[in-house]
Asker: 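One structure follows; several queries about it will come next.
Order of the sequence lines sets the chain letters (A, B, ...), proteins ahead of strands, with each chain counted from 1.
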Protein chains: 4
Amino acid sequence: MEVKQLSRREREKLRQRQEMLAAALDLFSQKGYHNVSMAEIAQKAEFAIGTLYKFFQNKEDLYKALLLELCEEFEVSISQAIEQPQDEVEKLRSFIRAKTEVVRRNLPVIRLYLAESRGASFNIKAGLDDEIRNRFYLSLEKIAAIFASGIKNHRFKNIADPYYLAVALASVIDATLLLWLDAPERHPYPENPDTILDLFFKGLLEP
Amino acid sequence: MEVKQLSRREREKLRQRQEMLAAALDLFSQKGYHNVSMAEIAQKAEFAIGTLYKFFQNKEDLYKALLLELCEEFEVSISQAIEQPQDEVEKLRSFIRAKTEVVRRNLPVIRLYLAESRGASFNIKAGLDDEIRNRFYLSLEKIAAIFASGIKNHRFKNIADPYYLAVALASVIDATLLLWLDAPERHPYPENPDTILDLFFKGLLEP
Amino acid sequence: MEVKQLSRREREKLRQRQEMLAAALDLFSQKGYHNVSMAEIAQKAEFAIGTLYKFFQNKEDLYKALLLELCEEFEVSISQAIEQPQDEVEKLRSFIRAKTEVVRRNLPVIRLYLAESRGASFNIKAGLDDEIRNRFYLSLEKIAAIFASGIKNHRFKNIADPYYLAVALASVIDATLLLWLDAPERHPYPENPDTILDLFFKGLLEP
Amino acid sequence: MEVKQLSRREREKLRQRQEMLAAALDLFSQKGYHNVSMAEIAQKAEFAIGTLYKFFQNKEDLYKALLLELCEEFEVSISQAIEQPQDEVEKLRSFIRAKTEVVRRNLPVIRLYLAESRGASFNIKAGLDDEIRNRFYLSLEKIAAIFASGIKNHRFKNIADPYYLAVALASVIDATLLLWLDAPERHPYPENPDTILDLFFKGLLEP
DNA sequence: TATGAATGAGGCTTCATTCAT
DNA sequence: AATGAATGAAGCCTCATTCAT
C-alpha cells in the first residue's frame, strides 16, 4: 500500500493538514465562509498564517479542499452502502442509513454541504465548484441506477424517470435532515429508513 | 384603491426603490451577497451610493428587503392558489402550478430564496433572518393542512405526519427546480404538476 | 434707529436666522461641532437644508456666526458692566457679576466659548477664528485697563503686569465656572463676586 | 531593571508605537482630532494603515493612548516635584516649575491636553474620557492638599477652600501658558515661578 | 423663494496575502 | 521550514453641498 510508504515527515504533514482543515471546517460551518478570516483559522489550528499558506494556495483553495474531503467521505460511505449485493429496496434502505450516518458524524458541515451541493452557494468563484457539483450528480446517478434496476426487475412501477426518482429521494432526505437540524426535539430524525421510504414505496412497489 | 392615491412623488420613489432592488437582485443572485459591493449595486441601478442609503439603512437591510419582497410574492401566489374551494388533490395541483409560476417569474432569486429559507445562508446576521425562515415555515403549514384535510376525508392514506408530507412535497418541487436551473435542456421543467404529484399520489390515494 | 426701518420681510428673515442659530447652538454645545450634521440642524430648526444654506454659506460659516453672536453678547454685557462710573474694585465686581450672568443665560455654550476663546478648538480652519480670538483679547484689555488704573491710583499694589492680572482673573472665573458645570452640587457657583476677588484683593489692596 | 529584559523584538515594537504616537500627536495638535485621517497618520509615521491598526484598535483608541501617555508624564513629573520634603511654599514653586517643564517638553499637545482636561472636547465618545478627566482631578487634589496643609500650619490665610485655591492656581498657570503659546515674544513665559505665585502669596501669606 | 433629493468624495476599518527573518 | 509583521486594496457608510423643481 502507498500509505505505508509515507515517511514520518510526510505523515506529520498530513496530520497538520488535517488539523487545519478541522479548524477551518469548524469555523466555516459556524459562521460561513465570508465571516471567517485566515487569521482566525490559523489561530484555531495553532499554526502561523504563513504555514496555512504553505498547505493551501489561498482561502478558496482551503475551502475547496474542505468540501472535497467531505465529498469523499460522503461518496465512500454511500458507495459502500449500495455496492453490497442486495435487492434494490434494501440498497435504498442502506443508502438512507449511510447518508444519515455520515450526517451524524459531520453535523457541523451539513449546511455547508447542502448549500454547495444544491447550488445556493457563492463562496467559490464561478467555475471552481464544478467539481463538487459534478461529484454530487455522479452519486445521484448511482441511486438512479438502483431505481432503474428496480424498474427493470419489475419491483418498482415505472412512474418516473429514475434520475428524477433519485433526486426526489435525496431531496426528501435532505429536507428531513434540515427540519431536524432546525428543531431536533420537535422534528426528531427518523431512526427507521422506512419512514422516508414509505413515502415512495407505497406507490412505487408493484401490487 | 389606495394605490391610486400615491402622489407623483411617492410613485417616483417607489419606482426608484424597485430599480434599486432589481439591480441588487440581479447582482446578488449572480455573485452572492458577499461578492457584490454597494458601489456595484449603485452603479448598476444608476444612482449614487448615497441615494442607495436613503432607501436602505445598510447592505443587510437592502438584502433583507429583497428577500421579504420575494417572500411576499411567494406567499400571495400560493395562498391564492390553495384558497380556492377545491378538493385536496386539486389544491395540491394548484400549489405546484403557483410555485412553478412564481419561480418562472423570479428566476434569478430562486437560489437566494432557497438558501435563505433552507438555512444554508450566513449572509444575514443571526436573528435577522428569523422572519424569512418563519414565513417559510408558515406557508409549509398551509400545505400540511391540505394533507391533514385529505387524510381526514379519507382521500389520502395516513402514511406520515402531514407536516412531513408538506416538507417532502416542497423539497421535491425545489429539487426539480434546481435540476432544471442547472441544466434546463437536459432536465426540462415538467409542465404538468402531476409529474411531481404522481410520486406521492400513487401511494397516498386510497385504492 | 436702523432697526425700525427693517421691513416685515427683513424682520422675518432675522427671526428665521435666530431660530437656525438657536438650533445649531443647542446641538453643537451638546455634541460638538464635528458630531452634528447640517441635516440635524435643519431638522431641529424646522427648515429645509437648502434654506440653511441660503442663510449661511457653509457649516463653518454657521459656526462662526454662532460664536460671533455669543461674543457680541459677552462683550455688550461686559462693556456695560465696566463702563459705569465706579471705582476699580466695584468695576471688577461688576465684571464678575456680568460674566456670571451671561454664563447663566448661555449655559449650553459655555464649553464652546471657552474652547474657542482659549484656543483649544480645531473646529474652524486655521485663520478663520482670528476674529474671535482677537475680540477675546480686546475684552481682556478692557479688564487690564481697570487694573492699570487701579495701580495708577494706588488702590492696587503693582505686583504684576495689568494684562497678566486680567488674564489671571478671567481664567480663575472660567475655572470656577467649569468646576460648577462639571458638578453643580459639589461646587456651587459663588453668588458673591468677592469669593473670587478675595483671592486677588487680599494681596492686591494696599495695606 | 525590567526595561533591559525587553527582547529586541519588543523594543522594536515599542519604538514603532512611539513613532506612531509621535506622528499622531503632531497632526492632532496641529489640526485637531477630526481633521486628521488615519491615512494621514500612517503616512506621516511611514507605516501602512494596517500596521497602525495592529497597534491601536481604532482612531479613538490611538487618541486615548496619546492623552494617557501625556497624562502619565504630567503626573509623574508633578508627583515627584511635590513629594520632596519641603515646606508648602517651596512645594508650590516646584509644582509650577515641574508643570512648566513638562509643557516645554510637550509643547504640541498642550492644547489637546487642556481641551480634554478642561472639558471642551467632543473628540472622545461619552464615558471614555472619564479616565483622563478623573486623573486631572486627582492631581488637582494633590495641590489642594498642599494648600490645606499650609492653612493648617498657619503659613497661609484661610481665605478659600483649598480645592478652589488649587483650581485657581492651575488655571492661572494654564492661562499664562496659553498666552505664551499664542504670542511667545509678546508674552514671554515667566522663568521664575514667583511671578505666578506672587499673585496668590501676597495675600495668602500670614503677615 | 424654499425645498430636500441626489451626489460622491472621503473617512474608518478589515483581511487576504506576501516575504524577510 | 515556519513564522507573523507588514502591507494596502477594497468595502461600507456619512454627510457637506448642490440644484432642479
Asker: Calculate the interatomic distance between B/E60 atom CD and F/dG11 atom C1'; express it in whole Å.
Answerer: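 Atom-to-atom, B/E60 to F/dG11, this comes out as 15 Å.
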Asker: Measuring from the side chain of C/Y53 (C-beta onward, heavy atoms only), which nucleotide among F/dT3, E/dA16, F/dT18 has the closest atom?
Answerer: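 Looking only at side-chain atoms, C/Y53 lies closest to F/dT18.
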Asker: Using a 4.0 Å heavy-atom cut-off across all strands, classify D/S37 as base, sugar-phosphate, or nothing.
Answerer: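 Sugar-phosphate, backbone atoms only, no base.
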Asker: Should D/T51 be listed as having a side-chain N or O under 4.0 Å from OP1 or OP2 of F/dA5?
Answerer: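 For D/T51, the contact criterion (side-chain N or O under 4.0 Å from OP1 or OP2 of F/dA5) is not met.
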Asker: Indicate yes or no for a side-chain donor-acceptor contact from B/S29 to the backbone of B/L25 under 3.5 Å, with no hydrogens or angles considered.
Answerer: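 Yes; at least one donor-acceptor contact below 3.5 Å.
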Asker: Reading DNA chain F from 5' onward, which residue's closest nucleotide shows up sooner: C/G50 or A/Q16?
Answerer: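 The 5'-side residue here is A/Q16.
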Asker: Considering only side-chain heavy atoms of B/K59, which listed nucleotide, F/dT3, F/dT7, F/dC13, is closest?
Answerer: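 The listed nucleotide nearest to B/K59's side chain is F/dC13.
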Asker: Is the NZ or CZ atom of C/K59 positioned over C/Y53's six-membered ring, under 6.0 angstrom from the centre and within 45° of the axis?
Answerer: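 Ring-cation test returns no.
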Asker: Please report the distance, rounded to the nearest Å, between CD1 in A/I41 and C1' in E/dT17.
Answerer: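 So the two atoms are 13 Å apart, to the nearest Å.
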Asker: Does C/K54 make a cation-pi contact with C/F47, if we ask for NZ or CZ under 6.0 Å from the ring centre and within 45° of the axis?
Answerer: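 Output no; distance or angle outside limits.
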Asker: So which one's nearest nucleotide on DNA chain F is more toward 5', A/E46 or D/I49?
Answerer: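 Result: A/E46.
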Asker: How many Å lie between CG on A/N58 and P on E/dA16, as a whole number?
Answerer: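 Rounding to the nearest Å, CG of A/N58 and P of E/dA16 are 11 Å apart.
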Asker: Is there a side-chain contact between A/R135 and A/L68, using heavy atoms and a 4.5 Å cut-off?
Answerer: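 A side-chain contact exists here, since the closest heavy-atom pair is under 4.5 Å.
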Asker: What's the closest nucleotide to the side chain of A/F47 if the choices are E/dT1, F/dT7, F/dT3?
Answerer: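 Out of E/dT1, F/dT7, F/dT3, the nucleotide with an atom closest to A/F47's side chain is F/dT3.
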Asker: Find the distance B/E12:CD to F/dT21:C1' and express it as a whole number of Å.
Answerer: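 Nearest whole value for this atom pair: 13 Å.
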Asker: Ion pair present between B/E12 and B/R15, side-chain N to carboxylate O less than 4.0 angstrom?
Answerer: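 Answer for the salt bridge query: yes.
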Asker: Between atom NZ in B/K54 and atom C1' in E/dA6, what is the gap in whole Å?
Answerer: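 In whole Å, E/dA6 C1' and B/K54 NZ are 7 Å from each other.
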Asker: To the nearest angstrom, how far is B/M38 atom CE from E/dT7 atom C1'?
Answerer: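 Spelled out: CE on B/M38 to C1' on E/dT7 is 15 Å.
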Asker: Taking the nucleotide of DNA chain E with the nearest heavy atom to each, does D/Q57 or B/K13 sit closer to the 5' end?
Answerer: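 Result of the comparison: B/K13.
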Asker: Hey, does the Lys NZ or Arg CZ of A/K64 hover above the aromatic six-ring of A/F56, less than 6.0 Å from the centre and inside 45° of the axis?
Answerer: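 Because its charged atom misses either the 6.0 Å distance or the 45° angle limit, A/K64 does not stack over A/F56.
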Asker: Using whole Å, report how far CD of C/E40 lies from P of E/dG4.
Answerer: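 Distance, rounded to whole Å: 17 Å.
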Asker: Whenever both distances are under 3.5 Å in a Watson-Crick or G-U wobble pair, mark it; put DNA chain E into dot-bracket that way, with [ ] for crossing pairs and | when the partner is on another strand.
Answerer: .||||||||||||||||||||
Asker: Nearest-Å distance, CD (C/Q43) to P (E/dA5)?
Answerer: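 Going from CD in C/Q43 over to P in E/dA5 covers 11 Å.
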Asker: Aromatic rings A/Y63 and A/F28: how do their planes relate, parallel, tilted or perpendicular, breaks at 30° and 60°?
Answerer: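 Ring orientation, 0 to 90° scale: perpendicular.
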